[in-house]
Undergrad: 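Sharing a structure, written as structure tokens. Questions coming.
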Amino acid sequence: MIDVRLLRNEPHVVKAALARRGKPELLVQLDTAISLDEQVRDITARRDTIRARVNELSKLVGTARRTGDNDEAEKLQAESRSLGDDEKSLAESFETAQGQLRDVMLRLPNLPHPDAPDGASDHDNPLVIGPNLMPASFTEHQRMPHWEIADELGILDNERAVKLSGAMFTMQRGAGAMLSRALCQYALDMNADAFEEIRPPSLVTTATLTATGQLPKFAEDAYAIERDDLWCIPTAEAPLTSMYAGEVLDEAQLPLRLMAYSSCYRREAGSAGRDTRGMLRAHEFDKVEIFALSTPETADELLIELRDRAERLIAGLGLPYRIIEICTGDMGQSHHRSFDIEVYAPGCDNWLEVSSVSWFSDYQGRRADIRYRKVGEKGTHIANTLNGSALAVPRVWAAIMENFRQADGSVIIPEVLRPYMRGMDRISPQG
RNA sequence: GGAACGGUGGCAGAGCGGACAAAUGCAUCCGCCUUGAAAGCGGAAGGCUCACAAGGCCCGGGGGUUCGAAUCCCUCCCGUUCCGCCA
């Protein structure tokens, strides 16, 4: 959530920042929020005046009763009773206005960072690093899509996955399954120097998914388990971010770095029918997420640290990649500043988004109510959150197939993964 | 899922219709004492809203009763123990 006080005190600043996202309807919502906030404050002031009087009267009633002045007590009670009715109706209008304000605020996106590049769509995302590790040319045997390669190798069985779970589910087997697990283990080990490993729950409450921004606006994209009022996590970002929800940390604890392997569940409501073959888009996939809680002062360098860590993983695998920065028109709702790492897949002839690293300023911290206290200072501050996919398995898996396919049809396994592959150095066609 | 008992400040724990933002202990901070520390003595100190003050709100969440609720009632959630079920 945007800070209501900022909205109140410097609406032009918020307007200008939000305008950069290029969606005029947001400015309309902003005006709605401003006028709702005025309403709420007006009602609050009136309601609190009445409450103050009721509190005062109640004390006087107590005194009167104790001294035996029952007539006086009756009189005061009558006055308090009638004020009570006014209070009740004001309290109702307060709830209504407050609820409306909250709903609008929860749906308003974050303000972009001043340095985030302007742009209207993904076509305007500037290249910031690379392309790196790009070979001079690709050979004919690399020009096969990974689903065909995997089929030859017998390591992907999506037909049976569909039998079990329906369209857009995948199933790896044999060396393919092992490769998925190896990628996760590799990503965790490479970040274990600074990140505490967490194994979070995969099902979370509505409050948890609201804190990160998936709810209420993007409910269609998440799997809901209505009977138990739980949601399947679309990313480990959700449980990691809310781990410290409602808590007040000491500044000395920051930055706090966490990482988690988890399965991720996405309905892909807006992308049904796209990328239905292979591993490019699935309802369930594995990912290792890295996460940090920080003060605003250290957040910008942490963003680069997370991005460097994600880059190191991809470079370590020897895959051709580039890094782009997300422009204001293409940014996710909670994002303040964001980078994507893309890997080139010669078989699909496409750049695949394999990692997204973002800074959320205090947008999620405020929703989750994560605060910290500075030493010797009264009061609290809202923490900043940052996260990134260290490694999203399926697309990296696909890129390995396509980049490292040999003339004989086998696929070389990157060296860094071999310890996790029981020493296997290549996957060869069966029979 | 059933039963019993619980949920109060950083922690422990009292209060069980009115003077309660809430005793007391521990921890914290500041003085005094001391060469320094400990002990001892004296004092300070919750969060949110709010430009500030005033005021309001916060005793697990929500609702109700009442002039007035931490305290009574309803409901939900969570915890502990026992039973049931079960990787």
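These values consider heavy atoms only, across backbone and side chains, with no hydrogens, waters or symmetry-generated copies. A, B, ... follow the sequence lines: proteins, then strands. Residue 1 opens every chain.
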Undergrad: Whole angstrom is fine here: how far is it from CD in Glu247(A) over to C1' in C11(B)?
TA: 15 Å
Undergrad: Using the P atoms only, state how far U35(B) lies from A54(B), rounded to an integer number of Å.
TA: 44 Å
Undergrad: Would the Tyr372(A) and His381(A) ring centres measure less than 6.0 Å apart?
TA: yes
Undergrad: Contact class for Arg371(A) vs. all strands (heavy atom < 4.0 Å): base, sugar-phosphate, or nothing?
TA: sugar-phosphate
Undergrad: Without swapping roles, check the side chain of Asp3(A) against the backbone of Arg5(A) for a donor-acceptor pair under 3.5 Å.
TA: yes
Undergrad: For nucleotides 65-72 of chain B, give me every protein contact, N/O to N/O, under 3.5 Å, one pair per line with atom names.
TA:
unit_1	atom_1	unit_2	atom_2	d
C67(B)	OP1	Arg81(A)	NH1	2.4
C67(B)	O2'	Ser58(A)	OG	3.4
C67(B)	O2'	Ser80(A)	OG	2.4
G68(B)	O4'	Ser58(A)	OG	3.0

Undergrad: I need the CD1-P distance between Ile50(A) and C57(B), as an integer number of Å.
TA: 12 Å
Undergrad: Measuring only the C1' atom in each nucleotide, how far is G18(B) from A37(B)? A whole number of Å is fine.
TA: 48 Å
Undergrad: Return yes if some donor-acceptor pair links the side-chain N/O of Ser80(A) with the main-chain N/O of Leu76(A) below 3.5 Å, else return no.
TA: no
Undergrad: Between C58(B) and C52(B), how far is it from one C1' atom to the other, in whole Å?
TA: 22 Å
Undergrad: Can you measure Leu249(A) atom CG to G10(B) atom P for me and round it to whole angstrom units?
TA: 13 Å
Undergrad: Considering only atom C1', compute the distance from A12(B) to G17(B) and round it to an integer number of Å.
TA: 27 Å
Undergrad: Can you measure Glu92(A) atom CD to G64(B) atom C1' for me and round it to whole angstrom units?
TA: 14 Å
Undergrad: Tell me the interatomic distance from Asp250(A), atom CG, to G46(B), atom C1', rounded to whole angstroms.
TA: 15 Å
Undergrad: Say we look at C83(B) and A70(B): how far apart would their C1' atoms be, to the nearest angstrom?
TA: 33 Å
Undergrad: Using atom C1' in both nucleotides, what's the gap between C20(B) and C16(B) to the nearest angstrom?
TA: 12 Å
Undergrad: To the nearest angstrom, how far is Tyr372(A) atom OH from G47(B) atom P?
TA: 16 Å
Undergrad: Within the supplied structure, the quantity of interest is the number of heavy atoms (other residues, nucleotides, ligands) at a distance under 6.0 Å from Glu415(A) CD; does it exceed 12?
TA: no
Undergrad: Could you work out the separation of U8(B) and G47(B) based on their C1' atoms and round it to a whole Å?
TA: 15 Å
Undergrad: Arg20(A) side chain to Ala116(A) main-chain N or O, any donor-acceptor pair under 3.5 Å?
TA: yes
Undergrad: Could you pick out which residue, Arg53(A) or Arg41(A), lies toward the 5' side of RNA chain B when each is mapped onto its nearest nucleotide?
TA: Arg41(A)
Undergrad: Take atom C1' in A14(B) and the same atom in A21(B), then report the distance between them in whole Å.
TA: 15 Å
Undergrad: Mind calculating the distance between CG (Asp369(A)) and P (U49(B)) to the nearest angstrom?
TA: 9 Å
Undergrad: Is the phosphate of G47(B) approached by Thr380(A) (side-chain N or O, under 4.0 Å from OP1 or OP2)?
TA: no
Undergrad: Got a donor-acceptor pair under 3.5 Å from the side chain of Asp48(A) to the base of G56(B)?
TA: no
Undergrad: Name the residue closer to the 5' end of RNA chain B, choosing between Glu56(A) and Glu95(A) according to the nucleotide with the nearest heavy atom.
TA: Glu56(A)
Undergrad: Answer yes if the ring centres of His113(A) and Trp359(A) are under 6.0 angstrom apart, and no otherwise.
TA: yes
Undergrad: Please check if the number of heavy atoms outside Lys217(A) that lie under 6.0 Å from its NZ is greater than 12.
TA: yes
Undergrad: Please state whether the phosphate of G47(B), meaning OP1 or OP2, lies under 4.0 angstrom from any side-chain nitrogen or oxygen of Arg373(A).
TA: yes
Undergrad: Return the value, rounded to whole Å, for the distance between atom CG of Asp37(A) and atom P of A51(B).
TA: 10 Å
Undergrad: I want to know whether His335(A) and Phe360(A) have ring centres closer than 6.0 Å.
TA: yes
Undergrad: Both atom distances under 3.5 Å, Watson-Crick or G-U wobble: I'd like the secondary structure of RNA chain B as a dot-bracket string, with | for pairs made across strands.
TA: ((((((((.[[[..)..(.....]]].(((((.......))))).((((.....)))).[[[[[..)....]]]]])))))))....
Undergrad: For Pro234(A), is there any backbone N or O sitting under 3.5 Å from a side-chain donor or acceptor partner on Arg266(A)?
TA: yes
Undergrad: Indicate yes or no for a side-chain donor-acceptor contact from His146(A) to the backbone of Gly278(A) under 3.5 Å, with no hydrogens or angles considered.
TA: no
Undergrad: If you count the non-hydrogen atoms of other residues, nucleotides and ligands that lie under 6.0 Å from CZ in Arg426(A), is the total more than 12?
TA: yes
